[in-house]
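To start, the structure under review is shown below, and the notes come after it.
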Amino acid sequence: MLEQGKIYIGTSRKPDDSINKPEYLELKYGNRHGLVTGATGTGKTVTLQILAESFSNAGVPVFCADVKGDLSGIAAMGEFKDFLDKRAKEIGFTDYEFQEFPVIFWDLFGEKGHRVRTTLTEMGPLLLSRLINASDAQEGVINIAFKIADEGGLPLLDLKDFQALLNYMGENATEFSNKFGFISKASVGSIQRELLILEQQGATKFFSEPALKITDIMRTTNDGRGAISVLAADKLMMNPRLYATFLLWLLSELFEELPEVGDPDKPKLVFFFDEAHLLFNDAPRVLVERVEQVVRLIRSKGVGVYFVTQNPMDVPPTVLAQLGNRVQHALRAYTPNEQKAVKTAADTFRPNPDFDCADVITNLGTGEALVSTIEAKGAPSIVQRTLIRPPSSRLGPITDAERQQVMSVSPVKGLYDEDFDRESAFEILTKKAEQAAQQSQAPAPEEQKTTGTIGGWTLPGFGTDDVAQPEVRQQKRSGYQRETVVEAAMKSAARSVATAVGAAIVRGILGSLTGRRR
């Protein structure tokens, strides 16, 4: 049943339920992307598991999210079960054997896997705006903040860096508005409140260093198998916007860092986006357009993207058109919307004259699906009613002790387990504030007064006053305030910078930086 250069998905059946033929996904078309859909309990997770297993055995690294905790069993040897053995015999799977697979567990919170981090600079303004569901005015303020940070040499690594910069912008809103356009203090305050919510949801653990290196999710083992990176997402799903934004950031990083490879014999990486509807829910049009662009172009970098969701209508038509390999599990059709979804799903397949797709979709059993993959000359195959093969690894989750054992021999052990906080915007502004506070004790001579510039433009409050400095005012402010030293930093940080440190930094296709410091 197993053939070189192909992934065995299952065996199709004829209208009389007799065996038809094995159904394969050709590795050379694995980067043509895919879609796995179906109602709850129809077998989507098992399909994802057998695809991940097969890509790994073919030497292709895999990244996937474990939303319910079931997928962790891929790291353990499969166990004999009557229904698995029955399915293997039913489809003539004579090569069926149990395996365990090379798995690297990841977790944004560091509880069930190695820590995954990135910086605000790498996230970029577009994805950060998406993360906090920013309005147009708020998104404009965020873009201005990143511009100021770029030209001012202020690395934005974690949330306290961004809070510090926002406080400073709020204090000097008038001056910055003259240069970049109107900056509303109300918008600044709203962004600060959203950042506080992110902090309470655990985003401080995500925005820090050391940042994840893309090469660490593209590893292969000594025996030539691809490592399967499993992201623990059960807790992450409590904040679905963070989940979707993180995976979109990871996809954009892959797009930016990987070289063009054309059409390789097999993918360089396969990326499974589970609960894909969370990516597109309430997403602004510009974001959907960017996702479509990345999905279309990342194929030439050897990356296959597979969306896993309940309903094909969860994916916008422009993105759906890019997905060539499709596995459709059963859908229910009790309401008008569900009936429309069934028709949409049926219309996306190349018709089979032996049956009506719309009728079959509602009558598929658990572990059964309609399958169509890309074949010769890039055309989709005729859809077939298929019994999905059983997995070789364990069906269901592993124990905590087994998870710790896998992590103890992980190839990335020790690389991401400790935090580190290098000098960034918060520390720079704090240091300048302390220096300025000392200098303010004695008025400087008239001839020593200078105009501070950063990147060729005057920074408000940096030695531009033509009169003696007034006493520091005590004033109540709304918005988020971290501590008194930050208060001082935001009120007088600009008073001693005198060198030009700005540099143009090219942003990537989704707003993240290509020129990063690790």
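Excluded from the calculations below are hydrogen atoms, water molecules and symmetry mates; all remaining heavy atoms, backbone and side chain alike, are included. Just so you know, these numbers come straight off a predicted model, no measurement behind them.
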If you look at every heavy atom in [X] and [Y], which pair is closest and at what distance?
X: A233; Y: A65; answer: CB-CB, 4.3 Å
X: D216; Y: I104; answer: O-CD1, 4.0 Å
X: D314; Y: F280; answer: O-CD1, 3.6 Å
X: P61; Y: T220; answer: CG-CG2, 4.2 Å
X: R290; Y: L126; answer: NH1-CD2, 3.8 Å
X: A76; Y: I398; answer: CB-CG2, 3.8 Å

**Q.** Residue pair K160, E427: steps toward the salt bridge (Lys or Arg N to Asp or Glu O under 4.0 Å) verdict
**A.** CA-CA 10 Å; K160 72 177 185 296; E427 289 77 17; 3.8 Å; yes
With no hydrogens and no angle check, is any side-chain donor or acceptor of [X] less than 3.5 Å from a backbone partner on [Y]?
X: D158; Y: F207; answer: no
X: H33; Y: G324; answer: no
X: S177; Y: I183; answer: yes
X: D66; Y: L71; answer: yes
X: S190; Y: A186; answer: yes
X: K205; Y: G110; answer: no
X: R422; Y: L157; answer: no
X: E194; Y: N133; answer: no
X: R241; Y: R130; answer: yes

Determine whether more than 12 heavy atoms belonging to other residues, nucleotides or ligands lie under 6.0 Å from atom [atom1] of [X].
X: D223; atom1: CG; answer: yes
X: K301; atom1: NZ; answer: yes
X: D265; atom1: CG; answer: no
X: N281; atom1: CG; answer: yes

Q: Start with the C-alpha gap between K44 and D274, add the side-chain angles, then the distance that decides, and say whether salt bridge (Lys or Arg N to Asp or Glu O under 4.0 Å) holds.
A: CA-CA 10 Å; K44 295 192 304 298; D274 202 1; over 6 Å; no
Within this structure, what is the [atom1]-[atom2] distance for the pair [X] and [Y], rounded to the nearest 0.5 Å?
X: D161; Y: T121; atom1: CG; atom2: OG1; answer: 8.0 Å
X: R219; Y: S410; atom1: CZ; atom2: OG; answer: 7.5 Å
X: L127; Y: L120; atom1: CG; atom2: CG; answer: 11.0 Å
X: F180; Y: K147; atom1: CZ; atom2: NZ; answer: 6.5 Å
X: N325; Y: N31; atom1: CG; atom2: CG; answer: 9.0 Å
X: Q322; Y: F307; atom1: CD; atom2: CZ; answer: 10.0 Å

Side chains of [X] and [Y] in contact at under 4.5 Å (non-hydrogen atoms):
X: I7; Y: L27; result: yes
X: F273; Y: V308; result: no
X: K213; Y: L415; result: no
X: Q192; Y: N167; result: yes
X: I228; Y: C64; result: yes
X: R117; Y: D419; result: yes
X: V315; Y: T37; result: no
X: Q49; Y: D70; result: no

So, using salt bridge (Lys or Arg N to Asp or Glu O under 4.0 Å) as the criterion, who are the partners of [X] when residues are at least two apart?
X: E100; value: none
X: K112; value: D234
X: K185; value: none
X: D107; value: none

Q) Going through the checks in order, is the side-chain contact (heavy atoms from CB on, under 4.5 Å) test met by L248 and V291? A) CA-CA 8 Å; L248 184 54; V291 174; 3.8 Å; yes
Q. When you look at K28 and D263, which way does the side-chain contact (heavy atoms from CB on, under 4.5 Å) test go after all the steps?
A. CA-CA 7 Å; K28 63 181 179 180; D263 288 314; over 6 Å; no
Q.
Is it the case that the side chains of E260 and S300 hold a donor-acceptor pair, with the cut-off being a distance below 3.5 Å and no angle test?
A.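 Judged by distance alone, the side chains do pair up.
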Q) Taking atom types as modelled, is there a side-chain donor on S129 or Q138 under 3.5 Å from an acceptor on the other? A) no
Q) For the ring pair (Phe, Tyr, Trp, His ring centres under 6.0 Å) test, which of F246, Y416, F63 pairs with W106? A)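 By the ring pair (Phe, Tyr, Trp, His ring centres under 6.0 Å) criterion, W106 pairs with just one of F246, Y416, F63: Y416.
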(Q) Checking Q404 now: which residues fulfil side-chain hydrogen bond (donor to acceptor under 3.5 Å, both in side chains) with it, not counting sequence neighbours? (A) none
**Q.** Sequence-distant partners of R326, side-chain hydrogen bond (donor to acceptor under 3.5 Å, both in side chains), two or more places apart
**A.**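 With sequence neighbours excluded, R326 shows a side-chain hydrogen bond (donor to acceptor under 3.5 Å, both in side chains) to T348, given in chain and number order.
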Q) Does the ring center of Y168 lie less than 6.0 Å from the ring center of F176? A) yes
(Q) Taking the six-membered ring of F109 as reference, does the cationic atom of K235 (NZ for Lys, CZ for Arg) lie under 6.0 Å from its centre and within 45° of its axis? (A) yes
Q: Hey, can you tell me if W249 and F206 have their rings parallel, tilted or perpendicular (30° and 60° cut-offs)?
A: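 Perpendicular.
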Q) Relative to each other, are the rings of Y306 and F272 parallel, tilted or perpendicular (30° and 60° limits)? A) tilted
